[in-house]
Amino acid sequence: MNWNIYQMEMRRNLKSFTIWAGSICGILFLGMLFYPAINADGLLTQMEALFENPMMKGMLAAFGADVTSLGSLMGFYVTYNSMYNVLLGCIFASVLAGNLLAKEEAEKTAEFLFTRPVSRKTIFFSKTAVLYTYITLLSLLFFIVSVASMEFVKKDSPRYPEISAEDKQLIMEQIQNNPQVIYEAFNLTDDSFAEYSLTYASRLLSESSDEMKGMKLDINSMNSLLNEAMDSPEKFFENVLNNPERYMSLFSFEPDQQEEFLEHVRGEQIEYNTMKDSFFNSPEVFLLIFEENTSIALNQFTSEPGSMDKTIKLLKLPEDLEKRIFKKYSVYKLAIICTYIYLLILSMGSIVLLISLLVNRGKSVIGPTLGLVFFFYFLNSLSSLAMGFSTTLSYMGYLSPFTWMDTDINAPDFQLTWWRVLYFILISGLALMSAQMRLKRKDILV
Amino acid sequence: MTESNRIPILETTNLTKYYGKSRGAEDVSLRVYQGEIYGFIGPNGAGKSTTIRSILGLISPDRGNVKLFEEDALKIGARLRQKIGFVPSELSYYDGLTVKQLLKYSADFYENGGQARIAPYSERLKLDLNRKINDLSLGNRKKVAIIQALLHRPELLILDEPTSGLDPLIQSRFYEILREEQKRGCTIFFSSHTLSEVERLCNRVAIIKEGCIVNISEIDQLRKLYLKRFRLLFKKGKSLSEIDLKGISELKITKQGAEGLFEGDVRDLMKQLAELPLEDAVLEDPSLEEIFMHYYSDRGESL
């Protein structure tokens, strides 16, 4: 590492960095400003239901990333905004990496640099340090602007509960201690029960898609049935009982089996009503539901304004619980995704550094390296697309560093995975080592 | 001084480099001793640059060895380059830097940096320090190249055609600086395709042709090769269309007179000239350039 080279290269590339970082962060910020408009009237949240279809999910994933929670600030961030900026970040890194060493040869300044009293290894690592410094700065800025833009538009975001194990236990204990107040504490109506049970059913549907195939049931039409039932399950049962013909084929019943079908439907209707009765009369069922998925339950049972306050008072919960649980976005998760972005750009920069040394003198470096970045980016998109219909095909995505990022930001256990981190470090290390070996043996001809 | 107690500063043995199938240099063996100015002569494309690049570690030779200050330059070149100054033939410097910034950048690479010497040298060579490098003319860029090579007081200067593009005044200042450097104890390896400047400065020369060294000799030795330039003036009305003398070459005849080169015992020439109807005759030492061209074209290898 030579301080002189490092300083000079930092200064020489500062302007380019400023422009790129400014553009990327600007686009990121402006992109987030679109969130309130796009999510007007909870539009994105409504669209989520549409995207439950796995094929649709894959299609959308090809253009962005995770669509499970489009309406949330974080979902919007990952799906609509950050991925394009990650691509821009990679392009910046490859332009910089391409310039650092290859440009010396193209512009014939290599003769000056390589006749100084420094070894090639020193030159190489000083230049790499410049590349890594700028990528680090860019990633830090990216993180800061991400947080700032979220803070800026957060009032339009639905809140999302994130319950720690301790908080969950605390709430469960208080509910068990005060079973008589839960119906008053939580905002429980016929509607909230219907909503909860149908959400539960739709999750069951998506989790058991293989079984459904075995039963010759079409998942898409099942989902549309659930949507139909969403407004009022009681009315839905009435509809089915009055016009059975329309629904029978969906459940693979032959026209002459109408009686049998109606029998089934009546059975389900009774079961639904029994469940509803016991839900409102015995705390055990409520607790089961609460235990099963505390986040969703809490979100739905306290969706009315001010109801969380009431809950906290009645159940004698700590006063800052609402703030603790409900967040518009999570800085911790943003930090994780920005770390992935950082690692990705580092490895892309390192790969490009290697390629810039393999390209023949005088040939354009920017062409092949940009080509490679786009190749990786679209390979990742293709593999996301393939996820909808073929798992095997989607594995090809792992050829691309983009795929090794974890963008499933709304997963409860979203975190830095050691093998992903290791992958990026290995790729960068290998690329740097080979690039250094290559430079050591290269004839500098100007 | 005898060969045995002089210190070889720069030494190459059987240096060979091919670029694919085309030859860069073949079996180039040189030895430059401390304190001398060593000329390295050859036309463009003869292999001068390949040799210099190998010495500086820009390329790695296919075969052969390079020793600098009696150490293996192929292994520890980076450290040895602390004591070397290099003036390249073609110049390209970083865009957007001023002359001063570049010279400082260069000086900071060396233990004996010499930032303080930037101003005096640039004054001497009439170089404006505040101009951007990419606005400079070829001659001014050359001055930058010369100064950056001198700043750290190198013990060995390698000059690759350093004077092309310099005006005569600056050229003479440059030669003056080189002589000072020599006095200071600096060894100078001076590559050129024009012999006249080598003739003026160098103690010894090596001539390279088609990648191979054809001759290494002392300048004085070259001069003693009994080559004379003659210029004749005919008597009025007695112009000759043909002169038949033994040992002459490059003969040019006009109405008034003739000129050419003569090789051999000068008394033979005098005898023959006495027979001719001449108004006047001038005999002089030819320039090294002429000597070089003479041998280079006819008998390269035997020189």
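Per chain, numbering begins at 1; letters A, B, ... match sequence-line order.
Other residues, nucleotides and ligands place no more than 12 heavy atoms under 6.0 Å from the CZ atom of A:F375. No more than 12 heavy atoms of other residues, nucleotides or ligands shown are found within 6.0 angstrom of CH2 on A:W418. For B:R63, the CZ atom counts as loosely surrounded, since its 6.0 Å shell holds 12 or fewer non-hydrogen atoms of other residues, nucleotides or ligands. Around NZ of B:K104, the count of heavy atoms belonging to other residues, nucleotides or ligands within 6.0 Å does not exceed 12.
Taking the side chain as every heavy atom from C-beta outward, A:L113 and B:Y105 approach each other to under 4.5 Å. B:S60 is not listed as a side-chain neighbour of A:R441, based on a closest heavy-atom distance of 4.5 Å or more. The shortest side-chain heavy-atom distance between B:L56 and A:E111 does not fall under the 4.5 Å cut-off.
For B:T50, no part lies under 4.5 angstrom from a heavy atom of chain A. Heavy-atom distances place both the backbone and the side chain of A:F114 under 4.5 Å from chain B.
Looking at every heavy atom in both residues, A:R120 comes nearest to B:L58 through NH2-O, 2.9 Å.
Against chain A, the residues from residues 71-88 of chain B that qualify, each with a non-hydrogen atom under 4.5 angstrom away, are B:A78, B:R81, B:Q82, B:F86, B:P88 in number order. Residues of residues 2-10 of chain A lying within less than 4.5 angstrom of chain B, judged on heavy atoms, are A:N2, A:N4, A:I5, A:M8 in numerical order.
If you take CG on B:L97 and OG1 on A:T109, they are separated by 10.0 Å, rounding to the nearest 0.5 Å. Atoms CZ and CG, on B:R53 and A:L445 in that order, are 6.0 Å from each other to the nearest 0.5 Å. For the atom pair CD (B:Q101) and CZ (A:R12), the distance works out to 11.0 Å, reported to the nearest 0.5 Å.
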